[in-house]
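To keep things clear, I will list the structure first and then write my remarks on it.
Reminder, nothing fancy here: chain letters follow the sequence lines and each chain counts from 1.
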Amino acid sequence: MFPETIYGVTYMVLAPEHPFVKDITSSLARSHPFGLSAQSRRLARLKDYVERSKKKTEQERIAEGKEKTGVFTGFYCINPVNNQKVPIWVADYVIATYGTGAVMGVPGSDHRDFAFARKYKLPIIRVIGKAKDDLSEVDSEEKVLEEGILVNSQQFSGMPTPNPARDKIKDFLEERGFGKRKNQYHLRDWLISRQRYWGPPIPMIYCEKCASEKKGYFEVGSEKRDAESLNSRNQDIKESKSRIPHFSHQESPMYGWFPVPEENLPVLLPDVKDWRPKGTGKSPLASLESFVNTKCPNCGGNAVRETDVSDTFLDSSWYFLRYLATDRNDIPFPSLKFQLSVLGSQLSETGSSVVGQSVTERQKTDKLESENRQQKTDNRIKWLPVNMYIGGAEHSVLHLLYVRFLTMVFHDLGLIDFDEPFPRFYAHGLLIKEGGKMSKSKGNVVVPDEYIKKYGADTLRTYLMFLGPFSQGGDFYDNSISGVYRFLGRVYKLVSGFVEKEHLQSQARSAKENVEPAGSQIAKKVHQTIKKVTNDMEALRFNTAIAAQMELLNTFYLYQKALKRTDLEQMLLMLAPFAPHITEELWQRLRFSVFSSRLSVPSQSVISQSVTEKQKTGKQKSENRQQKTDNWSIHLEPWPTYDPKLLEEEEVTVVVQINGKVRDNFKFQISNFKFQNKVEEEALKREKVKKHLDGKKIKRVVYVAGKIINFVVG
RNA sequence: GCCGGGGUGGUGGAAUGGUAGACACGCAGGUUUCAAAAACCUGUGAGCCUUAAAGCUCAUGAGAGUUCGACUCUCUCCCCCGGCACCA
């Protein structure tokens, strides 16, 4: 319970595994070795309860759900704030490894505690009321209040909770030395070892001899390590040692254990013929003697390796850092601490990919490259933290908890300068098949290969984005995939047709005269679409981004004769993220037709233009500079931009409502839409409007400029 | 139990408080074809009325509220999906 409720404590609960419980049982056993006294019966009950709890797995305990069980120990403790005697219970709803494993029970202000107190007839005190004089009895679940005004709490009575009461009471407890503020992270003990083959071996060595001499990494050579105490990592290890929980009855579990010396890292996963688990409870590596047997880093005698590998959860908790340095084997990820060595080694490398350049050019390039690299290295760190994590909702608890944990550890070690890996988490929807979550065991999975075979990868990819809002997922048994297939087919046909027509130049020009009005229609639609698609992409609204592009294509077909090359290029650029292959092909063909139809090498103009544009938009990546003539990928082009001037309409459609019901609409010159009187005049001329207003008195007119005029009549 | 996301045509889904149903699928009719597939064109929320055109009414899970106007905002309720570690 929260500290502000401390005056409402009527019992304490210990987890069955709590060390005090053992102390209590042995103390009871000592004082009552024989006999059938009440005390010894209690002892028997307590022992029985603890034994049964320990046999249950954590899962079972949780699965048993809301029904709380517990036993009284016969012992009491004193609540320091009011010197009240408080009974101590043992109950398995308290988790030993979380926090202290001991919890105060405040049945007046906690629903679970209330249920427990009711069941075992423990007293219930109201400490949070609706108002400062609310001393009503807490005799039903609904009367339990977790927030409100403190009552029955001595000098704190009358304070609102949670704050300021919580802080005031914390201060009070600290001043009196009753307790200390402490962050309690919601991370349970996390077992990272797995008895499997696939995974990174845990680089630890166990020496029987050293163990028998009670020596381990923490015991030997610590003087030496202390001498190097400037090394902050060893400092950290020393600190962590002090954090290993020591219960009075426990020996250090670490005798005989040593980490593999740094120069022998990494311990690689050995090749084996049979990697399947043996069912022995041990890792498959355990049966590989050449792997297992090694020398003790401490005494040099025979020793064995740890054969468990680490959990994939551990690896997946920092892979996003690794992505930024996949070209490097000497560092795990770009980091503040690694940065110096990164720069040094990179500058000494030479750019060997450039051929056929003059010496000066080459030198220039080299200089440019190393500058770029230097910049690239810096930027790599700047790229972090990740802007947005897109994942399933199921990631939002476990995976992200672990990632955040590791990130905070790296931050504390000074490796990175941020402690939250993903400032923004976006939960995408779940793709449903036949009304339920896909699972291999249910057999209701979508096999992409079948769809790729039938429709192609572009179609499947685009369809997945089109079938519903990204944040909500959708059901896959919809057949509209054929609509996307048709759409891409129509894109292909249109661009191919255009390219072919361009070959017959005369034909391409002949259509020119009647094309002007259609041309402006097209331009308007193109720019409206760019605007919409850009916004939609930013907001991850892929389904409507595609719908807008379908509309654009429909417009293109409508005014087919007036189409220009740039119209098609803009369309392909927008479509490229969805259908990367088909757009790439069509892009190349559009560019190729420039060459063949104009019979010159020029592209130069085209390309240099696109380079300037890139620089203008600032989107060009320095590493792309080389891609002059040999790389025309659409995927290296900048995203299209729209011209706001081209978005403007000459006319607006004004909707006429009468009492909020749509009755008519008419076009109005955009130059006049600001003048309500003109719009009103025009509206009142309309036959339909007259009819509906006939004989009624206009009480009010609401005009939303350029959109709606609403007559309120009596 | 707690947390999160939803509920709109026959279907998937669109709609900064301003013409509900964009864009697709499906279906119906047509063009093309020896025929079919493919492609293309037209229509398509429900109901009423009409020869037709037009028109009217009802519709966004249910019910209230705010507003000139509500799929959208507020409240109450129902249902569906997903997640969950009794975290004190």
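Of the nucleotides present, B:C84 is the one that pairs with B:G1 by Watson-Crick or G-U wobble criteria, both distances under 3.5 Å. In this structure, B:G63 forms a base pair with B:C75, meeting either the Watson-Crick or the G-U wobble geometry with both donor-acceptor distances under 3.5 Å. Look at B:U16: it lacks any Watson-Crick or wobble partner with both distances under 3.5 angstrom. B:G9 is unpaired under the Watson-Crick or G-U wobble criterion, no partner having all donor-acceptor distances under 3.5 Å. Base pairing annotation: B:U57 forms a Watson-Crick or G-U wobble pair with B:A46, both donor-acceptor distances under 3.5 Å. When both distances must be under 3.5 Å, the Watson-Crick or G-U wobble mate of B:A70 does not exist. The partner of B:C40 is B:G30, by the rule that a Watson-Crick or G-U pair needs both atom distances under 3.5 Å.
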Legend entry - Criterion side chain to side chain donor-acceptor pair (under 3.5 Å) on A:Ser482 and A:Tyr455, from CA distance to verdict: CA-CA 8 Å; A:Ser482 56; A:Tyr455 299 106; 5.6 Å; no
Inset, instruction - Show the numbers, then the answer: is there a side chain to side chain donor-acceptor pair (under 3.5 Å) between A:Tyr642 and A:Gln528? - result: CA-CA 8 Å; A:Tyr642 63 91; A:Gln528 285 170 345; over 6 Å; no
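Atom name C1', nucleotides B:C41 and B:A64: the rounded distance is 48 Å, in whole Å. Going from the P atom of B:U44 to that of B:A24 covers 15 Å, rounded to whole Å. B:A14 and B:G6 are spaced 11 Å apart, taking the P atom of each and rounding to whole Å. Rounded to the nearest Å, the gap between the C1' atom of B:G9 and that of B:C25 is 13 Å. Of the P atoms belonging to B:C34 and B:U42, the separation is 25 Å, rounded to the nearest Å. Going from the P atom of B:C71 to that of B:A62 covers 11 Å, rounded to whole Å. For the C1' atom pair drawn from B:A20 and B:A46, the interatomic distance equals 14 Å after rounding to whole Å. B:U72 and B:U67 have their C1' atoms separated by 13 Å, given to the nearest Å.
For NZ of A:Lys170, the number of neighbouring non-hydrogen atoms (other residues, nucleotides, ligands) closer than 6.0 Å is greater than 12. Within 6.0 Å of atom CZ in A:Arg404, 12 or fewer heavy atoms from other residues, nucleotides or ligands are found, so the atom counts as exposed in its surroundings.
The residue A:Lys688 sits close only to the backbone: its heavy atoms come under 4.0 Å of sugar-phosphate atoms, none of a base. The residue A:Phe466 sits close to a base: some heavy atom pair falls under 4.0 Å. Within the nucleic acid shown, A:Gln657 comes within 4.0 Å of at least one base atom, counting heavy atoms only. Residue A:Val655 is classed as a base contact, given a heavy-atom separation below 4.0 Å to a base. Counting non-hydrogen atoms under 4.0 angstrom, A:Ser482 reaches the backbone sugars and phosphates but no base. Within 4.0 Å (heavy atoms only), A:Asn554 reaches sugar-phosphate atoms of the nucleic acid but no base atom.
At B:G13, none of the side-chain N or O atoms of A:Arg541 fall inside 4.0 Å of OP1 or OP2 (strictly under the cut-off). Side-chain N/O atoms of A:Arg486 include none lying less than 4.0 angstrom from OP1 or OP2 on B:A24. Contact between the side-chain N/O atoms of A:Arg490 and the OP1/OP2 oxygens of B:A39 is not found at any separation under 4.0 Å. For B:G55, the OP1/OP2 oxygens have no side-chain nitrogen or oxygen of A:His692 closer than 4.0 Å. Proximity of A:Lys661 to the phosphate of B:G18: no side-chain N or O atom is located under 4.0 Å from OP1 or OP2. Within the 4.0 Å cut-off from OP1 or OP2 of B:G69, not a single side-chain nitrogen or oxygen of A:Arg663 is found. Contact annotation: A:Asn543 reaches the phosphate of B:A14 (side-chain N/O to OP1 or OP2, under 4.0 Å).
Here the C1' atom of nucleotide B:C86 and the CG atom of A:Asp110 are 10 Å apart, to the nearest Å. If you measure from atom CZ of A:Phe470 to atom P of B:A14, you get 14 Å, rounded to the nearest angstrom. Across the protein-nucleic acid pair, A:Leu558 atom CG and B:C41 atom C1' stand 13 Å apart, rounded to whole Å. If you measure from atom CD of A:Glu538 to atom C1' of B:U16, you get 17 Å, rounded to the nearest angstrom. A straight line from CG of A:Asn665 to P of B:A54 spans 14 Å, rounded to a whole angstrom. Distance A:Leu488 CG to B:A39 C1': 16 Å, rounded to the nearest Å. Remark: P of B:C40 and CZ of A:Phe556 are 17 Å apart, rounded to the nearest angstrom. Taking atom NZ on A:Lys690 and atom C1' on B:G55, their separation rounds to 18 Å, with Å as the unit.
Salt bridge status for A:Lys525 with A:Glu551: present, with a side-chain N to carboxylate O gap under 4.0 Å.
Ranked by how close their nearest RNA chain B nucleotide is to the 5' end, A:Ile546 and A:Tyr485 are led by A:Ile546. Looking at which nucleotide of RNA chain B each of A:Val704 and A:Lys691 is closest to, the 5′-most match is held by A:Val704.
For the pair A:Thr462/A:Leu488, a side-chain contact is recorded, criterion being any heavy-atom separation below 4.5 Å from C-beta on.
In this structure, A:Phe72 and A:Trp89 have tilted ring planes: the angle between them lies in the 30° to 60° band.
Across B:C40, B:C23, B:U19, the shortest atom-to-atom separation from the side chain of A:Thr653 is found for B:U19. Comparing B:U19, B:A24, B:A15 against the side chain of A:Met550 picks out B:A24 as the nearest.
Its glycosidic angle being within 90° of 0, B:G9 falls on the syn side.
Looking at every heavy atom in both residues, A:Gln549 comes nearest to A:Met571 through OE1-O, 4.1 Å.
Separation of the A:Phe172 and A:Phe156 ring centroids falls under the 6.0 Å cut-off.
Between the side chain of A:Lys707 and the base of B:U16, at least one donor-acceptor pair of N or O atoms lies under 3.5 Å.
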